[in-house]
Amino acid sequence: FPNPATDELTISFTLDRNANTKVSLGNTIGQVLETQSLENVIKGNAVFNTSELPAGLYVYILEADGIRSSGRVTIVH
């Protein structure tokens, strides 16, 4: 949230159990732009500064315990 985002994007999540978690933000051609790692969490937030990114469609990927979840977000300025 928010979606669309302007200067900052927060990916919030809650897991079934504690896990090492990786949250990545990338473009639609598969390039990873930034990654955050959170250790031993059940609930967390990954905050990305999007103020320098060009406006457009982006993809976030949440990985924990071998499970991947993804979504799309739009950046506008």
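Between Lys22 and Thr35, some side-chain heavy-atom pair lies under the 4.5 Å cut-off. Contact of the Tyr60 side chain with the Arg72 side chain is not registered, since no non-hydrogen atoms from C-beta on lie closer than 4.5 Å.
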Go through the steps to decide whether Leu9 and Leu25 satisfy the test side chain to side chain contact (heavy atoms under 4.5 Å, CB included), and finish with yes or no. CA-CA 10 Å; Leu9 172 67; Leu25 181 64; 4.0 Å; yes
Name each donor-acceptor pair under 3.5 Å that joins a side chain in residues 12-21 to protein atoms two or more places apart or in another chain, with its distance.
from: Ser12; atom 1: OG; to: Asn45; atom 2: OD1; distance (Å): 2.5
from: Arg17; atom 1: NE; to: Asp65; atom 2: OD2; distance (Å): 3.2
from: Arg17; atom 1: NH2; to: Asp65; atom 2: OD2; distance (Å): 3.3
from: Asn20; atom 1: OD1; to: Asn40; atom 2: N; distance (Å): 2.9
from: Thr21; atom 1: OG1; to: Ala19; atom 2: O; distance (Å): 3.3

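For Ile67, there are no side chain to side chain contact (heavy atoms under 4.5 Å, CB included) partners at least two apart in sequence or on another chain. Under the side-chain hydrogen bond (donor to acceptor under 3.5 Å, both in side chains) criterion, Ser70 pairs with no residue, sequence neighbours left out. Remark: Thr50 engages no residue in a side-chain hydrogen bond (donor to acceptor under 3.5 Å, both in side chains) (not counting sequence neighbours). For Ser37, there are no side-chain hydrogen bond (donor to acceptor under 3.5 Å, both in side chains) partners, not counting sequence neighbours. For Asn49, the side-chain hydrogen bond (donor to acceptor under 3.5 Å, both in side chains) test picks out Ser51, with sequence neighbours left out.
The closest donor-acceptor contact from the side chain of His77 to the backbone of Leu53 lies under 3.5 Å.
Through chains of ILVMFWY side-chain contacts below 4.5 Å, Ile61 is grouped with Val59.
In terms of hydrophobic clustering, with Ile, Leu, Val, Met, Phe, Trp and Tyr side chains grouped at heavy-atom distances under 4.5 Å, Leu33 and Ile11 are assigned to a common cluster.
Here salt bridge (Lys or Arg N to Asp or Glu O under 4.0 Å) pairs that include residues 38-55, with residues two or more places apart or in two chains, number zero.
One finds the OH atom of Tyr58 at 15.0 Å from the OG atom of Ser24 (value rounded to the nearest 0.5 Å).
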